[in-house]
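Just follow the structure's listing: the first ligand is 1, and inside any ligand the first atom is 1. Counting begins at 1 with the first residue of the sequence.
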Amino acid sequence: MARPNTLTPATISAADSTLVYRIEDNLYVNLTDRCTLACQFCPKHNGCTEVKGYELELGQRPDAEKIIGLIGDPKNYNAIVFCGYGEPTLRLKVLLEIAHWIKANGGNTRINTDGLGNLVNKRNILPELGECIDALSISLNAQNEEIYNRHCVPALSGAYDAMLDFVEQAPHYITDVSASAINGLQGVDIDACRQLSEQRGVKFRQRELDVVG
Ligand code: SF4
């Protein structure tokens with residue numbers, strides 16, 4: 001695959017800002033609009049295709065070369081964050097290709113994930129992520145399966161336990177791991193979510209309802 005020889009700051013057109021978009025010092029990458037959850041608090045499931053002023057509905061899913069061309073020099077950003085309008089680990093091969101390129105060119109990488117990458121890919125993907133991902137932010141979302149299923153509506157059975165196992169395994173491969181839950185969602189006990197996270201050796205981040213990012 002062709003790669004740019006020199007890294008120049010990329011100019012990102014309005015059309016391309018669906019694929020990569022800047023929030024503060026980070027560049028966000030939107031690899032897919034698919035995921036196996038249907039979170040009731042997700043913009044996608046509330047008729048909204050825009051996040052922080054960026055239109056995120058994908059016409060087609062981008063390949064690695066397209067995203068790499070749009071990133072330009074990854075050192076221009078605090079981190080390149082795989083996030084977007086769906087679950088990045090559903091496109092694991094493309095994600096890994098881009099992340100390895102970012103690391104080879106001096107950048108930092110983070111994934112914002114639902115923590116179901118092992119369940120969906122039917123194997124432990126953390127060793128592969130550990131080779132090229134600096135930080136993971138995992139949506140824990142609830143202190144038990146009942147509340148999780150109510151808010152996140154997983155398509156796959158066993159999602160909650162698989163997510164918790166992912167949270168527990170992640171620090172063995174990646175040093176900077178945090179889990180999050182949203183304050184203000186009915187039935188969500190933030191303190192219990194914090195405890196579940198800390199018991200598994202990861203930091204906890206409290207998010208607020210209707211605040212994206
Ligand atoms: S996992 Fe993320 S993208 Fe998928 S429905 Fe939930 S909030 Fe939306």
Query - atom 8 (Fe) of ligand 1 neighbourhood, protein N/O/S only, threshold under 2.8 Å - result: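 Under 2.8 Å from atom 8 (Fe) of ligand 1 - ignoring waters, which are not counted - the protein N, O or S atoms are Cys42 SG.
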Query - Glu146/Arg150 ion pair, N-O < 4.0 Å - result: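 So Glu146 pairs with Arg150 through a salt bridge.
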Report task. Identify, with sequence neighbours excluded, every residue that meets salt bridge (charged side-chain N to carboxylate O under 4.0 Å, His left out) alongside Arg194. Result ->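 Here no residue qualifies.
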Check: residues 117-133 side-chain donor-acceptor pairs under 3.5 Å, at least two apart:
from, atom 1, to, atom 2, distance (Å)
Asn118, OD1, Ile125, N, 2.8
Asn118, ND2, Asn124, OD1, 3.3
Asn121, ND2, Thr89, O, 3.3
Asn121, ND2, Gly117, O, 2.8
Arg123, NE, Glu128, OE2, 3.2
Arg123, NH2, Glu128, OE1, 3.0
Arg123, NH2, Glu128, OE2, 3.3
Asn124, OD1, Leu126, N, 3.0
Asn124, ND2, Tyr173, OH, 3.3

Report task. Would you confirm whether any non-hydrogen atom of the protein falls under 4.0 Å from atom 2 (Fe) of ligand 1? Result ->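 Looking at atom 2 (Fe) of ligand 1, one finds that no protein heavy atom lies closer than 4.0 Å.
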Query raised in the report: Going by distance alone, is a donor N or O of one side chain under 3.5 Å from an acceptor N or O of the other, for Arg110 and Asn112?
Result: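 Arg110 vs Asn112: donor-acceptor pair found between side chains.
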Report task. Give the intermediate values and the outcome of side-chain contact (heavy atoms from CB on, under 4.5 Å) for residues Cys193 and Gln206. Result -> CA-CA 9 Å; Cys193 292; Gln206 174 178 327; over 6 Å; no
Query raised in the report: Quick one: side-chain hydrogen bond (donor to acceptor under 3.5 Å, both in side chains) pairs with a partner in residues 175-188, sequence neighbours left out?
Result: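 Counting only pairs at least two positions apart or across chains, the side-chain hydrogen bond (donor to acceptor under 3.5 Å, both in side chains) contacts touching residues 175-188 are Asp176-Lys203, Asn183-Glu208.
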